[in-house]
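Everything on this sheet refers to the single structure shown next.
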Amino acid sequence: MLMRLAIFALILSGLANLGFAARDPSLWMIPALLAGWYAADMLSGMVHMLMDYHPARLGVGLDRLYFYPGSRESDEYQGMFRASMARLNPFERLVYDFKNHHPRPDALGRRTTLRQIGSTIVAGSLPVSLLLNAACLVWPLPGWAVAGVLNFLVGGTFAQYFHGTLHRADNPWIINAMRKVGLLMTPAAHQLHHDTLRRDFATNSGWSNAVLNPVFRLARRRGWLTDAGLEPQG
Ligand SMILES: [Zn+2]
Ligand SMILES: [Zn+2]
């Protein structure tokens, strides 16, 4: 119920922002839209990088879940899973989710869209969209700036959905069309991440990977990100 309310509020708030942008159309909107799309890609990569390497919470059995040898459908696993998750806060759950994605990538593609993007909407998209509404009411923001932020919001909101489409064969036509024109990356390009877990963290268009890859190498060299964080440690 709360989630439906958040989605409804986001749609209303987004339409209002679209209205604010439409009051002042200009050709500057084109580079602004591209910049917003780029920024959303970069955000997807930075969040992904930090979540992959941030150590998972210790002492709540996450290692046993991660390395569970039997069936994940079993009552034993399901019980362990519920018990562990109940002890995590939403951030810690997200950290575990990103790590768990590496050995079991297809699970993300099987999730419903709402499960993929629900937490992004509540924790990120809705607050930012409402702030943009407020800014438009207070200041005479140029239409191109509103359009750019709005496109950033669209890319950010659907980031985990886009990531899910990279791990699923059947996708809506629009996903394939966006891949063809380069607005979304291809599964082959994303596979480079899964092959090493040391590159190409951005999962929307992949445009920002050229910048984020050297950032990752520097962070790893300096010890800000350590390989021990990649898997739950017990
Ligand atoms: Zn990853
Ligand atoms: Zn993936």
Side-chain angles (χ1 to χ4, degrees), residues 37-58 62-63 65-68 72 84-85 88 90-120 123-124 155-172 174-176 178-179 182-233:
W37 201 244
Y38 183 96
D41 181 62
M42 185 169 253
L43 183 70
S44 83
M46 287 195 305
V47 170
H48 183 176
M49 192 189 295
L50 292 174
M51 298 292 151
D52 274 8
Y53 282 82
H54 190 285
R57 168 98 173 266
L58 299 175
L62 291 180
D63 57 328
L65 288 181
Y66 186 90
F67 296 107
Y68 189 75
R72 278 156 198 274
S84 290
M85 289 302 136
L88 301 182
F91 173 77
E92 291 167 336
R93 246 172 263 170
L94 204 62
V95 166
Y96 178 74
D97 257 2
F98 269 90
K99 300 185 200 316
N100 188 48
H101 171 63
H102 296 145
R104 287 166 279 275
D106 291 352
L108 179 65
R110 285 196 295 269
R111 284 187 184 171
T112 63
T113 307
L114 194 59
R115 243 200 97 198
Q116 289 166 339
I117 69 174
S119 50
T120 312
T157 301
F158 287 99
Q160 272 303 73
Y161 169 76
F162 291 146
H163 186 183
T165 66
L166 293 165
H167 296 289
R168 194 171 53 206
D170 56 320
N171 287 305
I174 186 149
I175 296 297
N176 298 320
M178 287 169 81
R179 278 183 194 162
L183 288 171
L184 290 178
M185 73 195 303
T186 62
H190 179 52
Q191 187 57 38
L192 295 177
H193 172 70
H194 283 272
D195 286 345
T196 64
L197 308 182
R198 290 182 184 173
R199 56 174 296 187
D200 295 39
F201 292 87
T203 49
N204 279 24
S205 60
W207 297 347
S208 68
N209 279 325
V211 171
L212 289 180
N213 284 343
V215 170
F216 171 77
R217 287 196 294 271
L218 176 75
R220 193 159 169 272
R221 226 177 17 247
R222 292 276 169 94
W224 301 331
L225 302 172
T226 56
D227 292 356
L230 265 178
E231 291 183 324
Q233 299 291 319

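Every number for a ligand or one of its atoms is a count from 1 in the order of the listing.
At a cut-off of 2.8 Å, measuring from the Zn ion (ligand 1), the protein N, O or S atoms that fall short of it are His48 NE2, Asp52 OD2, His102 NE2, His193 NE2, waters left aside.
The nearest pair of heavy atoms linking Trp37 to Leu183 is NE1-O, 2.7 Å.
Taking 4.0 Å as the cut-off between side-chain N and carboxylate O, Arg198 and Asp227 count as a salt-bridged pair.
Crowding of Arg115 atom CZ: a count of heavy atoms from other residues, nucleotides or ligands under 6.0 Å not exceeding 12. Taking a 6.0 Å sphere around OH of Tyr38, one finds it holds more than 12 heavy atoms contributed by other residues, nucleotides or ligands.
Looking at residues two or more places apart in sequence or on another chain, you find a salt bridge (Lys or Arg N to Asp or Glu O under 4.0 Å) between Glu92 and Arg57.
The NE2 atom of His163 and the NE2 atom of His167 subtend an angle of 100° at the Zn ion (ligand 2), given to the nearest 10 degrees.
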Open item on the list: Between Asp97 and His101, is the side-chain hydrogen bond (donor to acceptor under 3.5 Å, both in side chains) condition met? List the steps.
Closed with: CA-CA 6 Å; Asp97 257 2; His101 171 63; over 6 Å; no
